[in-house]
Amino acid sequence: MKITDVQSIYVRPGEMRERTDSSQDALIIKITTDEGIIGYGEVDSLPLVTQAAVRAPFSHTLSSGLRDIVVGEDPFEYEKIWSKMYKSTLYAGREGAMIHAMAGIDLAIWDIIGKALKKPVYKLLGGGFKDKIRVYASAMFSFTPEETAERARSFVERGFTAVKFGWEPMGPDPKLDEALVKSIREAVGEDVEIMIDGGLAWDLKTAMDRVKRFEPYNIFWLEEPLMPNNLRGYKKLANSTSIRIAAGEEESTRTGFQRLMDEGDIDVIQVDLTRVGITEGKRIAYDAAQREILCINHTFTTDINTAASLHLLASIPNSIFLEYCVEESIVRNKVVANPIKIQDGFAHVPDGPGLGVEIDEKFVEEYCYNF
Ligand code: MG
């Protein structure tokens with residue numbers, strides 16, 4: 001089988017809200033083959049930059065767009081393709097946007113391999129640790145404790161047994177920060193797990209103050225309290241509190257995750273497959289397993305990402321939750337025609353061939369943004 005084309009399609013609504021909410025738009029990767037099999041992936045990054053990373057024509061041997069590198073390759077040779085993409089983009093790549101674009105291509109390649117073999121991706125990854133995974137509802141904070149509590153209560157009523165809230169307005173005001181956490185705990189009761197996403201809001205000393213304030217509310221983890229390169233801060237914070245410290249959504253490479261675990265001493269890594277890929281994502285998850293560190297997905301885009309994450313989480317021994325985005329956006333709701341269903345707080349791992357998602361081509365075409 002040969003890859004015949006790689007398209008990067010930016011799907012964007014007419015209006016964008018000014019919030020830290022990446023579910024609003026999506027960059028879809030579509031790979032076609034000479035056998036008629038089509039694979040889909042997704043990239044959660046800065047869409048037009050990753051689109052250019054795919055489309056850019058060859059410049060020289062260490063600086064090429066990804067489409068030119070991948071066309072003509074056999075998708076079953078995914079390790080060779082990854083290595084070739086990495087080497088051919090050394091100047092613009094190695095971390096960040098270029099690796100994100102490579103990750104989207106890698107997802108689409110796994111979708112093709114699964115479709116060709118008529119097997120779900122988790123079977124090809126040696127999975128089967130679990131066929132359903134406990135879900136946490138992942139949302140943005142509302143702007144008051146009362147509104148946040150109301151939303152938390154509504155998630156529990158929908159059957160979720162774990163909830164996460166994050167980002168603004170958490171950050172500058174210690175009293176508001178504590179009131180937000182307290183309001184969630186009071187709304188959901190003692191039996192529901194709570195995660196808090198600090199959204200990179202603090203320096204080390206302020207984060208140490210916040211973990212002390214949050215400890216009485218028994219939160220399962222505190223996510224990204226510090227900027228991603230503050231490894232010294234992560235280590236001091238993680239060793240100062242009983243609360244698990246989680247991070248990783250800013251990382252795109254195995255090296256980055258190893259640094260977070262070994263120098264940052266964090267307790268939970270969060271891998272976004274639309275920034276890392278399945279091929280590298282599995283290696284990262286097993287690096288964590290070896291260190292007895294939990295590996296959870298990061299997902300705040302469409303169910304292409306959710307499905308890919310379920311396949312990986314079913315294939316590793318060190319995952320206990322699926323992050324499931326509950327923010328409503330037309331793009332998130334409509335790109336995938338057969339969305340992942342949540343029942344009684346669990347998501348079933350897709351059993352169809354490939355990633356197991358069908359794309360609404362008409363919707364994608366209608367909302368395609370051309371720059
Ligand atoms: Mg986060």
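Just so you know, ligand 1 is whichever comes first in the structure, and atom 1 is the first atom listed for that ligand.
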(request) Using the salt bridge (Lys or Arg N to Asp or Glu O under 4.0 Å) rule, pick out the option among E224, E223, E327 that qualifies with K164. (result) E223

Between [Y] and [X], does any NZ, NE, NH1 or NH2 come within less than 4.0 Å of an OD or OE carboxylate oxygen?
{"X": "K2", "Y": "D34", "answer": "no"}
{"X": "R213", "Y": "D209", "answer": "yes"}
{"X": "D303", "Y": "R332", "answer": "yes"}

Specify which N/O/S atom of [X] comes nearest to the Mg ion (ligand 1), by atom name.
{"X": "E249", "result": "OE1"}
{"X": "D197", "result": "OD2"}
{"X": "E223", "result": "OE2"}

(message) Restricting to N/O/S atoms, is E224 within less than 2.8 Å of the Mg ion (ligand 1) or not?
(response) no

